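Notes for the one structure printed next.
The basis for the numbers below is simple: all heavy atoms, side chains too, and nothing from hydrogens, waters or symmetry mates. As the structure is a prediction and not an experimental result, all values here were calculated from the model. Residue numbers start from 1 in every chain, and the chains themselves are labelled A, B, ... in the order their sequence lines are given, proteins ahead of strands.
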There are 2 protein chains.
Amino acid sequence: MPAPARTSTEAVVAAGRAILEREGLAGLTMQAVATEVGVRAPSLYKRVRDRAALVGLVVDAVAGELAERLEQAASTGDPQRDLRALAAAFRSFAHANPAAYPLLFDPRSGGPSPEALGASSAAVLRVSADLAGEHHALAAARTVVAWATGFLSMELAGAFRLGGDVDEAWEYGVTGLARALGRDSNG
Amino acid sequence: MPAPARTSTEAVVAAGRAILEREGLAGLTMQAVATEVGVRAPSLYKRVRDRAALVGLVVDAVAGELAERLEQAASTGDPQRDLRALAAAFRSFAHANPAAYPLLFDPRSGGPSPEALGASSAAVLRVSADLAGEHHALAAARTVVAWATGFLSMELAGAFRLGGDVDEAWEYGVTGLARALGRDSNG
DNA sequence: ACCTGAACACCGTTCAAGT
DNA sequence: ACCTGAACACCGTTCAAGT
């Protein structure tokens with residue numbers, strides 16, 4: 001009477017993430033996930049409460065991986081270089097996860113868990129403190145992340161349709177922010 | 001045999017927008033819109049091709065209204081003041097349209113039409129040119145809009161969960177951007 | 001303890017039939 | 001010319017029944 005588990009929460013989340021990138025959020029159905037892990041849709045409810053919870057777990061997994069990338073990126077100790085490295089890490093992560101990335105900041109997805117959020121914030125906060133001073137660290141970090149995530153959302157959405165060079169606009173932005181944060185902000 | 005029209009595309013779009021804010025994107029169903037305009041769901045297909053097209057029309061309407069607000073806001077002629085006014089207009093519009101605003105930059109909504117996009121961009125481009133010089137106008141405008149939209153997406157998503165004062169972070173960002181765009185950028 | 005088929009409510013969409 | 005009921009495919013979710 002036992003009954004062998006034919007899948008796992010990790011497998012379900014991994015499948016969800018793969019399908020999300022392959023088919024988009026609308027394609028991330030319970031049936032599609034069930035098929036991918038080799039089970040029938042109702043069985044998924046042994047692993048996750050409902051579809052929203054599944055999406056939440058996927059978002060958390062993505063946030064965790066982003067945190068790793070940011071941590072690896074901001075490691076030179078030179079605040080100006082680290083800021084540029086953080087920005088580059090954000091952008092390459094977004095390009096590699098175009099469907100998942102916008103979900104991290106989507107009002108409708110609940111957002112990442114506090115833990116995942118904290119992990120993702122750590123590296124940015126550290127560099128922001130180095131650059132803008134402890135007193136302005138939080139506001140500076142929010143400015144950087146807001147710019148990066150807004151830019152990348154727009155880039156992924158194809159919202160830059162007035163011509164011009166998108167890479168150049170990105171470069172302009174990083175440079176401007178590095179300058180803005182680094183000036184007479186040693187509060 | 002004629003057959004009186006019992007609704008109109010404008011009424012459908014207005015209903016869609018109202019329901020979007022009341023019930024969220026998931027609540028914006030063809031049935032809900034049909035009920036609101038006093039018709040049965042299949043009749044909506046005389047006005048819009050499908051649900052995605054309806055959402056697109058709603059997004060366009062919202063983009064058009066945002067363009068008006070931005071145009072009204074940036075009118076003092078002083079670039080620094082106009083930039084702050086633009087930022088304030090973005091934020092109050094987002095707060096007034098919390099469900100619709102993120103859709104403007106959502107990869108999944110197709111985004112606003114080129115016309116609506118152009119109208120929304122005009123005021124920001126003008127102020128950016130005044131501030132950063134014609135040569136950097138586009139990159140500067142993209143920096144400002146990216147920051148504002150990213151900040152507001154995060155604010156609406158409840159992503160600022162590390163404490164601190166959100167208004168202060170906004171203020172810090174505007175000030176930093178105004179400084180960054182206005183310095184030695186007269187290319 | 002987990003898996004399944006069957007069932008239900010709900011949604012988008014099509015279409016023949018009405019006026 | 002527009003509106004409608006009926007129908008279809010599809011989806012999330014529940015649950016009793018299997019092992």
So [X], base contact, sugar-phosphate only, or nothing? Heavy-atom distance under 4.0 Å.
X	result
B:T7	sugar-phosphate
A:R47	sugar-phosphate
B:S43	base

Send over the distance from [X] [atom1] to [N] [atom2], rounded to a whole Å.
X	N	atom1	atom2	answer
A:L44	D:dT14	CG	C1'	14 Å
B:M30	C:dC11	CE	P	12 Å
A:L54	D:dC11	CG	P	15 Å
B:R49	C:dT13	CZ	P	9 Å
A:E23	D:dC10	CD	C1'	15 Å
A:D50	D:dT13	CG	C1'	9 Å

Point to revise | For the student: nearest non-hydrogen atoms of A:A137 and A:S128, plus distance | key: O-CB, 3.5 Å
Practice item. Would you sort out whether B:E36 and B:R17 count as a salt bridge (Lys or Arg N to Asp or Glu O under 4.0 Å), showing the intermediate values? Key: CA-CA 11 Å; B:E36 183 123 335; B:R17 202 172 154 186; over 6 Å; no
Let's see if you can work this out: which of [options] has an atom nearest to the side-chain heavy atoms of [X]?
X	options	result
A:P42	D:dG5, D:dT14, C:dT13	D:dT14
A:Y45	D:dT14, D:dC3, C:dT13	D:dT14
B:Q31	C:dC11, C:dT14, C:dT4	C:dC11
B:K46	C:dC2, D:dT13, D:dC3	D:dC3
A:R51	D:dT13, C:dT4, C:dC2	D:dT13
B:T29	C:dC3, D:dT13, C:dG12	C:dG12

Check your understanding: When Ile, Leu, Val, Met, Phe, Trp and Tyr are grouped by side-chain heavy atoms lying under 4.5 Å apart, directly or through other members, which residues fall in the same group as B:L125?
Key ->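 Under the 4.5 Å side-chain rule, B:L125 groups with A:L162, B:L138.
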**Study point:** Phosphate contact (C:dC2 OP1 or OP2) by A:R6 side-chain N/O below 4.0 Å
**Key:** no
**Study point:** B:S43 side chain near B:T7 side chain, heavy-atom distance below 4.5 Å
**Key:**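 With C-beta onward as the side chain, the pair stays apart.
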Check your understanding: How would DNA chain D look in dot-bracket form, 5' to 3', counting Watson-Crick and G-U wobble pairs with both distances under 3.5 Å and writing | for bases paired to another strand?
Key -> ||.|||||...|||||.||
Check your understanding: Side chains of B:T29 and B:Q31: is there a donor and an acceptor less than 3.5 Å apart?
Key -> no
Review point. Parallel, tilted or perpendicular: which fits the ring planes of A:F93 and A:Y101, with parallel below 30° and perpendicular above 60°?
Key: perpendicular
Check your understanding: Got a salt bridge between A:E65 and A:R69, using NZ or NE/NH1/NH2 to carboxylate O under 4.0 Å?
Key -> yes
